Visitor: 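One structure, as structure tokens, below. Some questions next.
Indexing begins at 1, ligand by ligand and atom by atom, following the structure's order. Bear in mind that the values here come from a model prediction, so they are computed numbers and not experimental data. Note: hydrogens, waters and symmetry copies are ignored here, and every other heavy atom, side chains too, is used.
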Amino acid sequence: MKLLIVGGVAGGASAAARSRRLSENADIILFERGPDVSFANCGLPYYIGGEIAEREKLLVTTLERFRTRFKLDVRTRSSVEAIDRSAKKLRVRDLASRREYEESYDKLILAPGAAPLRPPIPGIDLPGIFTLRNLQDVDHIKERVDQGVKQIVVVGAGFIGLELVENFVLRGIATTVVELQDQVLPPFDKEMTTPILETLLAKGVTVLLGQSAEGFEQTADGLLIRLKSGQRLPAQLSILGIGVRPENKLAVDAGLEVGPRGGIRVNEFLQTSDPDIYAVGDAIEVKDFISGDPTQVPLAGPANRQGRIAADNILGRSLKYRGTQGTAIVGVFDRTAAMTGASEKALRRANRPFRKVYVHPAHHAGYYPGAEQMTLKVLFHPQTGKLLGAQAVGGAGVDKRIDVLAVAIQAGMTVFDLEEVELAYAPQFGSAKDPINMAGFVAGGLLRGEHPQVDVEAVLSAPESQRPFVVDVRTPQEFSGGSIPGAVNIPVDELRSRLEEIPRDPEIAAYCQVGQRGYLATRILRQSGFSAANIGGGYKTYKLFCPSAT
Ligand code: FAD
């Protein structure tokens with residue numbers, strides 16, 4: 001078996017190592033255009049900031065190890081230029097000698113990744129405008145930063161953009177981030193990003209939402225970034241983090257099928273439209289685990305797993321790729337945001353039915369020092385309770401909850417299962433009722449009809465005539481610190497004796513700080529003959545939607 005692999009980082013390196021483990025005899029050649037294989041793209045922003053101090057640490061596996069331990073023929077600075085499918089040959093260009101040669105294959109794995117977008121706007125090729133994909137990019141950016149940079153403009157507030165923002169701020173640089181959408185971290189639902197936006201602002205980052213870079217101009221001091229609004233931002237450096245596009249040229253030129261957004265089409269065995277050619281990683285179109293629709297998800301976990309599966313299938317096993325859930329996490333200063341499965345906006349776009357709950361629990365027992373509050377949003381099917389997606393934002397413990405939910409989603413579990421899952425507990429690690437259980441209780445209660453809930457956006461957007469009578473059941477002190485507009489304050493402990501103050505006619509929407517007292521109030525009201533629902537997640541959820549309201 002002669003196996004050729006194009007691309008030597010996440011997907012390609014995984015495929016190569018797995019192939020060797022499965023076959024001592026296979027002839028395996030790995031081609032990589034750059035000088036390095038298997039480097040840690042995900043660590044690059046932290047090398048700029050200094051958290052990762054040594055460049056060598058970014059090399060997950062060295063060329064030498066690949067060659068000696070895995071007996072792989074690794075050819076770096078080797079660009080694969082074309083695939084001749086009928087002759088089953090690659091045309092390879094040795095970038096050092098500029099020599100071109102052919103290499104034949106029995107099976108081929110394409111793992112060329114995705115290239116950062118560089119839109120054709122005026123001045124885009126001026127010096128000082130970078131993208132970040134590999135060690136060479138990071139070397140250039142770090143060199144400039146080390147020389148002393150006063151102002152940086154990051155275009156794009158996605159995962160990589162915000163990781164860079166954090167690291168530039170840690171280097172003492174005045175940083176502006178420009179984002180086309182009206183929120184940071186566009187894959188998340190907007191309200192879940194409120195704490196991240198607040199953190200950025202608190203750290204002195206200038207965040208310009210709903211804006212795009214329209215052009216770059218050279219000045220004596222560096223660059224001027226011209227925004228759509230007409231605003232001009234001075235900077236010595238600008239980094240574009242506005243997304244990636246699959247590196248599909250080889251595949252397209254060879255007549256392999258690609259999807260509408262350019263991802264190389266593969267079947268569940270990761271075979272392209274040519275059965276002898278497999279493709280993995282950022283370059284491919286995958287099946288969305290929740291919707292089953294084709295999509296593109298550039299993440300390291302899927303790329304690595306796909307590399308392994310492609311190798312397995314080539315070397316005699318038969319493994320199906322289950323699809324990509326989009327489980328992702330980002331740290332922004334002391335905040336963490338993580339998500340898995342479908343977002344609310346994706347479900348709305350696809351017109352799929354769902355319900356949602358918000359809970360705001362502490363990441364471990366509240367009585368144990370250091371408990372940090374998180375917000376957990378869980379999306380599920382309105383009839384079956386099947387989990388569709390989850391997002392969390394907070395500090396410690398966010399990663400663990402999203403990972404648990406990612407497994408639950410992949411296992412096809414429901415919110416009723418979340419009520420039952422047994423998770424590790426001691427006060428410094430969790431709670432006897434873990435945030436996962438709490439989300440299950442709230443969602444399960446909602447679906448069983450024990451705990452009627454109304455979404456705060458529905459209350460706020462209801463026409464005046466249909467607006468529920470809103471009762472704030474917190475203490476007067478809490479109420480005076482801010483409330484949902486139009487709410488009447490009747491603390492839950494006084495509710496039973498003050499029922500006559502509540503009209504019987506319209507629906508009642510009760511709320512407290514996070515939902516627990518609102519739930520009790522709802523139970524009291526319903527058993528007293530009122531038609532009442534709890535505003536899911538309480539005032540804290542309201543503040544995610546309306547952060548500047550008092
Ligand atoms: P890549 O890792 O990009 O590797 C493809 C390789 O193929 C490249 O080195 C390229 O030079 C080579 N190549 C392309 N065409 C040819 C050719 N014709 N001939 C020879 N070689 C070729 N994901 C996460 O899940 N979590 C994170 O925290 C995270 N952080 C990231 C931070 C940064 C700064 C970046 C850039 C990415 C990050 N990612 C993260 C994304 C993750 O790195 C990618 O999803 C993953 O590397 C994709 O793997 P891949 O093998 O498909 O492509």
Visitor: Please could you name the atoms of ligand 1 that L299 approaches to less than 4.0 Å, counting only its heavy atoms?
Guide: 23 (N), 24 (C), 25 (O), 45 (O)
Visitor: So, is A300 polar-close to ligand 1, with some N/O to N/O distance under 3.5 Å?
Guide: yes
Visitor: Does K88 come within less than 4.0 Å of D276, counting only side-chain N to carboxylate O?
Guide: yes
Visitor: Determine whether the side chain, the backbone, both or neither of N134 has a heavy atom under 4.0 Å from any heavy atom of ligand 1.
Guide: neither
Visitor: Would you mind running through ligand 1 and noting each atom that sits below 4.0 Å from a heavy atom of L132?
Guide: 34 (C), 36 (C)
Visitor: Short list, please: which atoms of ligand 1 are under 4.0 Å from a heavy atom of G281?
Guide: 52 (O)
Visitor: Checking the N or O distance criterion of under 3.5 Å, is ligand 1 in contact with F39?
Guide: no
Visitor: Tell me every residue that passes side chain to side chain donor-acceptor pair (under 3.5 Å) with Q151, counting only those two or more places apart in sequence or in another chain.
Guide: Q236
Visitor: Is there any N or O on V80 that sits under 3.5 Å from an N or O of ligand 1?
Guide: yes
Visitor: Of the protein's non-hydrogen atoms, which lies at the shortest distance from atom 26 (N) of ligand 1, and what is that distance?
Guide: C42 SG, 3.8 Å
Visitor: For atom 41 (C) of ligand 1, what is the nearest protein heavy atom, given as residue, atom name and distance?
Guide: P298 O, 4.0 Å
Visitor: Please name all residues satisfying side chain to side chain donor-acceptor pair (under 3.5 Å) with K320, sequence neighbours left out, ordered by chain then number.
Guide: none
Visitor: Just to confirm my output: which protein heavy-atom neighbour is closest to atom 22 (C) of ligand 1, and how far is it?
Guide: R33 CB, 3.9 Å
Visitor: With the threshold set at under 4.0 angstrom, would you say G43 reaches ligand 1 through any of its heavy atoms?
Guide: no
Visitor: Taking the side chain as every heavy atom from C-beta outward, state whether F289 and R322 have any atom pair closer than 4.5 Å.
Guide: yes
Visitor: Among all protein heavy atoms, pick out the one at the shortest distance from atom 17 (C) of ligand 1; state its residue, atom name and that distance to 0.1 Å.
Guide: V6 CG1, 3.6 Å
Visitor: Please report which non-hydrogen protein atom sits nearest to atom 3 (O) of ligand 1, along with the residue it belongs to and the distance in Å to one decimal place.
Guide: R133 NH2, 3.1 Å
Visitor: When you measure from atom 48 (C) of ligand 1 to each heavy atom in V37, L110, D282, which option holds the nearest one?
Guide: D282
Visitor: Relative to atom 50 (P) of ligand 1, which among G11, G241, P302 owns the nearest non-hydrogen atom?
Guide: G11
Visitor: Given E247, E32, R93, identify the one with the heavy atom nearest to atom 8 (C) of ligand 1.
Guide: E32
Visitor: Tell me the protein heavy atom at minimum distance from atom 32 (C) of ligand 1, and give that distance in Å.
Guide: N41 O, 3.4 Å
